[in-house]
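Step one of this worksheet: look at the structure below.
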There are 2 protein chains.
Amino acid sequence: MSQHRPAGTPGRAGGVPALPDLPEATVARLPEYLRALHNLAETGDDTVSSEELATAAGVNSAKLRKDLSQLGSYGTRGVGYDVALLIDQIEFVLGLTQRRAVALVGVGNLGHALAGYAGFASRGFRIAALFDADPAQVGEEINGLVVQHIDDLPRVAAEESIAIGVIATPATAAQSVADQLVAAGVTSILNFAPCVLAVPDGVDVRKVDLAIELQILSFHEHRKSALTGLPAGAVASGPAASGAGTALTAPATGLTALPGGLAATGTTEATPAGPLRPSNAEAIGS
Amino acid sequence: MSQHRPAGTPGRAGGVPALPDLPEATVARLPEYLRALHNLAETGDDTVSSEELATAAGVNSAKLRKDLSQLGSYGTRGVGYDVALLIDQIEFVLGLTQRRAVALVGVGNLGHALAGYAGFASRGFRIAALFDADPAQVGEEINGLVVQHIDDLPRVAAEESIAIGVIATPATAAQSVADQLVAAGVTSILNFAPCVLAVPDGVDVRKVDLAIELQILSFHEHRKSALTGLPAGAVASGPAASGAGTALTAPATGLTALPGGLAATGTTEATPAGPLRPSNAEAIGS
DNA sequence: AGGTGTGAACCTTTTCACAGCT
DNA sequence: AGCTGTGAAAAGGTTCACACCT
């Protein structure tokens, strides 16, 4: 969201004891803690220390404790956190106490897979309807749901109280679909199409772009091979010429040969490859 | 990666003119710029201003300029950026001048969709091999590729120079698959399984968890309805009891009713819903 | 002893605002 | 006149280290 905060009204205001504004970074990690907690609960653990839970969630314990303290969370000093209690807390904060209805638009390749993804159901969501613009797809049954025409969206969205939409259409269709979702009352969108969506204020959009993830990895690959391959100068290949004008100086300017400092720009907390390997019954796929 | 930077060696060291350490936040945005640039190139634009490109990529222009300046990029004051040149620059930095070979493990529901995803091919990657542990799947042909048994990974990875692996297996199998990928020489992993992977130093992991994305949206939904629904006190529903001990005080403690300040914690730059709707020929799905 | 909660230091990222080039 | 490149300020996030509770 853009929404430059009105600059006043930070923490508490009236007499409400609320701790409102969870940092966005914390919000993004809570689901990971939740998953780890469910694993622990399955294996019968009653309490867990910040250290254990942190490892299971792939973060460090300081971060975890700070995150949980934001919830005003109830750990016990000297003991740890009550697993069941913490699950309830996080589920409450994330709004998962109700099973939320989701509309999925676009039942192509990826849409099909998403429609059949068991992880949504097991983690708080119910795919309530499938839509497509292609009449050839309409009527098909996937995983017990019949694909409906996108024009039926407003009616179905109202009937099913759908507030979250998933876009799995080609990029060309995505903006139009987003407009229709918003018109139908959807206020949160998960977008798998590789394009930027314009939406009104108050509507949240998250984007997942599969190719972008790979491109980020590619950067790190490039970086690593620049390090190991050629310790100093001598770049192997410049950019593949694609018809640009001026000579491509910048690549030659550097960026390829790194001096000394080793990459700190990484992506994951590379845990020490050992003990903990939380199993999880949830399957992606068939 | 963890890798606490050795604390010395920041920018340049020897005589190399390099500008090594791109900020990770910048790296994560470069692919988005690249996509936007390709759209512009298709529509015949030769140059683009930071303002235009920023809008097309869903960021603000200050951020874009800072990002591009990190590349030592060649914009022209008073004019803008040369589209073709910038494409080359970014592709070079991201290591996309070679088409990188990717191994995909797990051809279930999601794996199938990924194997058929055209966006990988069009954006710098070649799915070089498909693997599965299930003998029933082995031999199946998907999109022109025959599914091989995971045990063949080392051989194939060497033959095809595979450095990037994608995991689309159930969570239970993911760690073992990751180990096998690493053993086969893979140094970057994109993980779709809902679990944390332990990998050695020097291996990058990125994770995409579909349910987590929805849960983050759910939080914002929860937040919005807390705002509109009940301006002051009176929470409608506490957490669904799930067998915890102590009374669930914290939820009652607040978090539900927000005082004044409007949400700034959002997810997207909510662009003003208007002009620009970059079309893009890339399709997710069939 | 063991482990949470948290102020304070530190680092990264974003935003501002403007000098300086074309 | 227009637009990039960039220092400096502000905001946001992470890590440290320890007081304090059980």
Side-chain angles (χ1 to χ4, degrees), chain A residues 1-7 10-11 19 21-30 33 47-55 57-83 85-86 89 246 250 253 261 263-269, chain B residues 1-7 10-11 19 21-30 33 47-55 57-83 85-86 89 246 250 261 264-269:
Chain A
M1 292 215 249
S2 46
Q3 199 90 332
H4 278 221
R5 172 125 23 129
L19 56 127
D21 254 344
L22 282 260
E24 189 58 27
T26 297
V27 172
R29 280 186 298 261
L30 289 179
Y33 302 155
T47 63
V48 64
S49 73
S50 65
E51 199 68 56
E52 291 171 290
L53 182 52
T55 326
V59 302
N60 66 36
S61 63
K63 200 185 285 184
L64 178 109
R65 286 203 303 279
K66 187 136 270 179
D67 282 341
L68 293 187
S69 77
Q70 308 266 15
L71 315 183
S73 177
Y74 286 28
T76 314
R77 300 184 187 214
V79 179
Y81 300 92
D82 180 306
V83 172
L85 176 60
L86 202 45
Q89 285 235 343
T246 346
T253 313
T265 63
T267 316
T268 346
E269 201 72 45
Chain B
M1 295 209 255
S2 46
Q3 198 90 332
H4 277 221
R5 171 124 24 130
L19 58 126
D21 256 344
L22 282 260
E24 190 57 28
T26 296
V27 172
R29 280 186 299 261
L30 288 179
Y33 302 155
T47 63
V48 63
S49 72
S50 65
E51 198 68 57
E52 291 171 288
L53 182 52
T55 326
V59 302
N60 66 36
S61 63
K63 201 184 284 184
L64 178 111
R65 285 203 302 281
K66 184 128 280 174
D67 282 342
L68 294 187
S69 77
Q70 310 264 15
L71 315 183
S73 178
Y74 287 26
T76 313
R77 298 182 189 216
V79 179
Y81 299 91
D82 180 306
V83 172
L85 176 59
L86 202 45
Q89 286 235 344
T246 344
T265 64
T267 316
T268 348
E269 202 71 44

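Lettering of chains follows the sequences in order, A, B, ..., and the numbering in each one begins at 1.
- To the nearest 0.5 Å, atom CG of residue A:Leu86 and atom OG1 of residue A:Thr47 are 11.5 Å apart.
- Within the 4.0 Å cut-off from OP1 or OP2 of D:dT14, not a single side-chain nitrogen or oxygen of A:Asn60 is found.
- Between the CD atom of B:Glu51 and the P atom of D:dT4 there is a distance of 8 Å, rounded to whole Å.
- Proximity of A:Tyr81 to the phosphate of C:dG5: a side-chain N or O atom is located under 4.0 Å from OP1 or OP2.
- Side-chain proximity of A:Lys66 to C:dG5, C:dT13, D:dT15: nearest is D:dT15.
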### Message
For a side-chain contact (heavy atoms from CB on, under 4.5 Å) check, start with the C-alpha distance between A:Leu71 and A:Leu22, then their side-chain angles and the critical distance, and finish with the verdict.
### Response
CA-CA 8 Å; A:Leu71 315 183; A:Leu22 282 260; 3.5 Å; yes
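- Partners of B:Arg65 according to the salt bridge (charged side-chain N to carboxylate O under 4.0 Å, His left out) rule, which considers only residues two or more places apart in sequence or in another chain, do not exist here.
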### Message
Each nucleotide in nucleotides 17-22 of chain D should get exactly one letter: B, S or -. Can you fill that in based on protein heavy atoms under 4.0 Å?
### Response
B-BBBS
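- Between A:Lys63 and D:dT15 there is a side-chain N or O to OP1 or OP2 distance below 4.0 Å.
- Partner of B:Gln70 under the side-chain contact (heavy atoms from CB on, under 4.5 Å) criterion, out of B:Asp21, B:Leu30, B:Thr26: B:Thr26 alone.
- Atom-to-atom, CZ of B:Arg29 to C1' of C:dT13 comes out at 8 Å; the value is rounded to the nearest Å.
- If you take CD on B:Glu51 and CG on B:Asn60, they are separated by 8.5 Å, rounding to the nearest 0.5 Å.
- Between A:Asp67 atom CG and C:dT6 atom P the separation is 13 Å, expressed in whole Å.
- Rounded to the nearest 0.5 angstrom, B:Tyr74 OH and B:Leu85 CG are separated by 9.0 Å.
- Taking atom CG of residue A:Leu64 and atom P of nucleotide C:dG5, one finds them 10 Å apart after rounding to whole Å.
- The interatomic distance linking B:Gln70 (CD) with D:dG7 (P) rounds to 11 Å, in whole Å.
- Nucleotide C:dT4 holds its P atom 13 Å from the CG atom of A:Asp82, rounded to whole Å.
- Rounded to whole angstrom, the span from the CG atom of B:Asp21 across to the P atom of C:dT13 amounts to 10 Å.
- Between the CD atom of B:Glu24 and the C1' atom of C:dT12 there is a distance of 12 Å, given to the nearest Å.
- Residues A:Ala25 and B:Leu68 both approach DNA chain D. Their nearest nucleotides, taken by heavy-atom distance, put B:Leu68 toward the 5′ side.
- Smallest separation of non-hydrogen atoms from B:Val48 and B:Leu53: CG2-N, 3.7 Å.
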